[in-house]
Amino acid sequence: MSNYQLTGKESLGIEFGSTRIKAVLIDENCNPIASGGHTWENRLENGVWTYHIEDVWSGLQDAYNKLNAEVKDKFGANITELSAIGFSAMMHGYLPFDSEGNQLAEFRTWRNTITAEAAEKLTALFDFNIPQRWSIAHLYQAVLNNETHVKDIAFLTTLAGYVHWQFSGEKVLGIGEASGMFPIDSNINDYNGDMLSKFNALDEIKTLPWNVDDILPKVLSAGEFAGRLTEKGAALLDTSGNLKAGALMCPPEGDAGTGMVATNAVSQRTGNVSAGTSIFSMIVLEKQLSKVYEEIDMVTTPTGKPVAMVHCNNCCTDLDYWVNIFAQFAEKSGSSLTKPQIYDFLYNEALNGDADCGGVVSYNYFSGEPVSHIEDGRPLFARTPNCSFSLSNFFRAQIYSTMATLKIGMEILENEKVKIDCLTGHGGLFKTPIVGQRLMAAAMNSPVSVMETAGEGGAWGIAVLANYAFDKCGLSLEDYLNEKVFSKYKSTTLEPIEADVKGFENYMKLYKAGLAVEKAACDNI
């Protein structure tokens, strides 16, 4: 049992990821001291990627109960009091409610590519890229589809905003998360007023009983007061009844914002790559881009600084399926290898492959990819007849496929002469030491760092934001992270290897040429 004693000054962060709900408890110095998790999966129902709301609550309670069990085991006491709490979740999506708080439509997640018409029209209207997964695209598409629930909307939010509302009663969002709902004006740290007016002036919107600014959450920056944990919220979170109400609530953030915090990438010229179910890069800009790019999302840091985001819907899902095939073979052959050992073996074997994968190419598209203009998903593996077909080349191609679409988007930022001093990786792709980091450095042709806190991820990031809201120490978020959090943590940095860089460039030539095959697969399979 640890000598640490609970003081009530701990902060809690909970993040709803695509495949896992994770809870992390930190002490007042932002050190993680306990965690708990719950596995869940999205569902494809009636052509819509979704999660059931009842799964939100059962998964949240399971993750918290496991956290509490670890706390009891390590420290000999249950959690009864917290200084601050933060909630985070996968960004974007669509969660509409009526004036009584009733959910009006299924939760439509970031993974959907069903709003092309709305996204295209809004991008033209605003002269600002509106991705298909953004909440405003989902809202306008529902209007264009003449969905009957639209007239009854009183509040539109994201998953993080919904959970925060249920625990605090406050209809708010952190600015980074809000920037995935509607464009933000970083000069005022609020929704862009001109664009709100343009949206409200649309003929289809003028017939409705609401203006868009009436139904969106209030925008808050990191450190601002976002409410307190209510009695109802405490009982909903801790089914044992031990947790007291009253903890400070920080603004709810999206997984992009918490990833930036967790990698200390909130200052200009810093960036991070989050690689899990989806993959995205976040680069904090010194100035706005020269023009609108449909492949680049303009979002913000948790303090409102402009960020160029390249978001790809697919990353490790197809790779995980292939690992499962090898795990099934290992089990049926009587091997004693565990699943984590199989992951590590295959990742490390990839480093023995040819730098260009020897004529082997893989497309990891479980769903559509706007960055590469693919409307649907068909996981696809292809090779030339005279390729060097080996286990190492096969699995190197699987890892390359997780970052190939990201590279297409990042090439735009290269052409814009965007400066990046530091690129930090986090997420499942970097769990096996060296491999994902080295190959990402090759793909981005940039040094890639991985911090020793990377395994804690966004749940730790939102816990840090909660602690910052409780006691900012008079510091900006950037200074708080540098001085109070990351000064005590180590990181490892790998420079790109020239042979790997050239190999990845050659792989990308084959990959881009083969996108026509991927499109044909979507049309015919």
Side-chain angles (χ1 to χ4, degrees), residues 14-16 53 56 85-105 107-110 122 130-131 133-140 142-143 149-150 152-186 188-193 195-197 199-200 205 208-230 232-233 248-258 297-304 462 465-466 469:
I14 298 179
E15 182 158 275
F16 293 81
I53 290 300
V56 170
I85 301 177
F87 289 104
S88 176
M90 50 197 130
M91 288 180 71
H92 320 112
Y94 184 72
L95 264 173
F97 299 89
D98 66 16
S99 59
E100 302 297 319
N102 299 307
Q103 186 179 349
L104 295 174
F107 171 38
R108 301 171 188 177
T109 77
W110 58 270
L122 291 177
I130 302 296
R133 65 187 177 279
W134 278 26
S135 304
I136 193 62
H138 280 282
L139 174 63
Y140 189 40
V143 172
H149 76 268
V150 169
D152 298 319
I153 296 176
F155 180 47
L156 178 65
T157 191
T158 65
L159 180 56
Y162 169 68
V163 173
H164 182 95
W165 172 35
Q166 297 305 300
F167 279 91
S168 67
E170 301 290 336
K171 296 178 179 179
V172 301
L173 272 187
I175 191 168
E177 172 77 332
S179 69
M181 291 197 78
F182 195 92
I184 291 290
D185 182 347
S186 290
I188 61 172
N189 278 7
D190 205 346
Y191 301 117
N192 186 294
M195 295 182 192
L196 289 172
S197 297
F199 187 84
N200 288 329
I205 303 302
L208 295 168
W210 45 258
N211 287 328
V212 67
D213 32 329
D214 296 329
I215 65 173
L216 292 174
K218 180 181 178 182
V219 178
L220 298 175
S221 294
E224 291 193 271
F225 178 75
R228 291 191 178 275
L229 180 66
T230 63
K232 172 190 169 186
L248 179 73
M249 303 281 288
C250 75
E253 267 297 347
D255 51 2
T258 58
D297 304 359
M298 290 305 302
V299 292
T300 79
T301 70
T303 58
I462 191 65
L465 284 173

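Below, all heavy atoms of this structure are taken into account, side chains as well, without hydrogens, waters or symmetry copies. Quick note: residue numbers are just sequence positions, from 1.
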Quiz item: Measuring from Leu139:CG to Leu156:CG, what's the distance to the nearest 0.5 Å?
Solution: 5.5 Å

Quiz item: If you measure from CD1 on Ile153 to CD1 on Ile215, what distance do you get to the nearest 0.5 Å?
Solution: 5.0 Å

Quiz item: What are the two closest non-hydrogen atoms of Ala226 and Pro251, and how far apart are they?
Solution: CB-N, 3.5 Å

Quiz prompt | Atom pair CD/CG of Glu253 and Leu173 - distance to nearest 0.5 Å | solution = 8.0 Å

Quiz item: Taking the side chain as C-beta and beyond, is there a heavy-atom pair between Thr158 and Ser135 under 4.5 Å?
Solution: yes

Quiz item: So do Lys171 and Thr157 actually touch side chain to side chain, heavy atoms under 4.5 Å?
Solution: no

Self-check item: Residues that Arg228 engages under salt bridge (Lys or Arg N to Asp or Glu O under 4.0 Å), provided they are two or more places apart
Solution: none

Exercise. Might you point out which heavy atoms bring Tyr94 and Ala142 nearest each other, and give the distance in Å?
Key: OH-CB, 3.8 Å

Exercise. Identify, with sequence neighbours excluded, every residue that meets side chain to side chain contact (heavy atoms under 4.5 Å, CB included) alongside Ile53.
Key: Val56, Trp57, Leu95, Gln103, Tyr162

Exercise. Indicate yes or no for a side-chain donor-acceptor contact from Asp98 to the backbone of Glu100 under 3.5 Å, with no hydrogens or angles considered.
Key: yes

Please set out all donor-acceptor pairs under 3.5 angstrom arising from side-chain atoms of residues 218-225, sequence neighbours excluded.
residue : atom : partner : partner atom : Å
Ser221  : OG   : Asn189  : ND2          : 3.2
Glu224  : OE1  : Ser221  : N            : 2.6

Self-check item: With Tyr191 via side chain to side chain donor-acceptor pair (under 3.5 Å) - residues at least two apart
Solution: none

Practice problem: Work out which heavy atom in Phe87 is nearest to a heavy atom in Ala160; give both atom names and the distance. | Solution: O-CB, 4.3 Å

Quiz item: Do you know the tightest heavy-atom contact between Ala256 and Met91?
Solution: CB-SD, 3.2 Å

Exercise. Would you confirm whether Ser168, through its side chain, and Leu229, through its main-chain N or O, come within 3.5 Å as a donor-acceptor pair?
Key: no

Self-check item: Closest contact, heavy atoms only, Val299 versus Ser179
Solution: CB-OG, 3.2 Å

Quiz item: Got Ile462 and Cys250 here, is their nearest side-chain heavy-atom distance under 4.5 Å?
Solution: yes

Self-check item: Closest non-hydrogen atom pair, Leu196 against Leu216
Solution: CD2-CD1, 4.3 Å

Quiz item: Just by distance, do the side chain of Ser186 and the backbone of Gly304 share a donor-acceptor pair under 3.5 Å?
Solution: yes

Self-check item: NE2 on His138 to CZ on Phe107, rounded to 0.5 Å
Solution: 9.0 Å

Exercise. Could you tell me whether the side chain of His92 and the main chain of Pro131 form a donor-acceptor pair under 3.5 Å?
Key: no

Quiz item: Does Asn200 reach the main-chain N or O of Val212 with its side chain, forming a donor-acceptor pair under 3.5 Å?
Solution: yes

Quiz item: Taking the inter-plane angle between the rings of Phe199 and Tyr140 on a 0 to 90° scale, is it parallel (under 30°), tilted (30 to 60°) or perpendicular (over 60°)?
Solution: perpendicular

Quiz item: From Ser88 OG over to Leu159 CG, what is the distance, rounded to the nearest 0.5 angstrom?
Solution: 9.0 Å

Quiz item: In Å, rounded to the nearest 0.5 Å, how long is the span from CD1 of Ile136 to CD1 of Ile130?
Solution: 7.5 Å

Self-check item: Any side-chain heavy-atom pair of Pro183 and Trp134 under 4.5 Å
Solution: yes

Quiz item: Is the shortest heavy-atom distance from the side chain of Trp210 to the side chain of Val150 under 4.5 Å?
Solution: yes

Exercise. Could you give me the CA-CA distance, side-chain angles and deciding distance for Val163 and Ile14, then say whether side chain to side chain contact (heavy atoms under 4.5 Å, CB included) is met?
Key: CA-CA 10 Å; Val163 173; Ile14 298 179; over 6 Å; no

Quiz prompt | Residues forming a side chain to side chain contact (heavy atoms under 4.5 Å, CB included) with Ala154, sequence neighbours excluded | solution = Ser99

Practice problem: Measure the shortest side-chain to side-chain distance between Glu177 and Pro217 over non-hydrogen atoms and say whether it is less than 4.5 angstrom. | Solution: no

Self-check item: Partners meeting side chain to side chain donor-acceptor pair (under 3.5 Å) with Thr258 (sequence neighbours left out)
Solution: Glu15

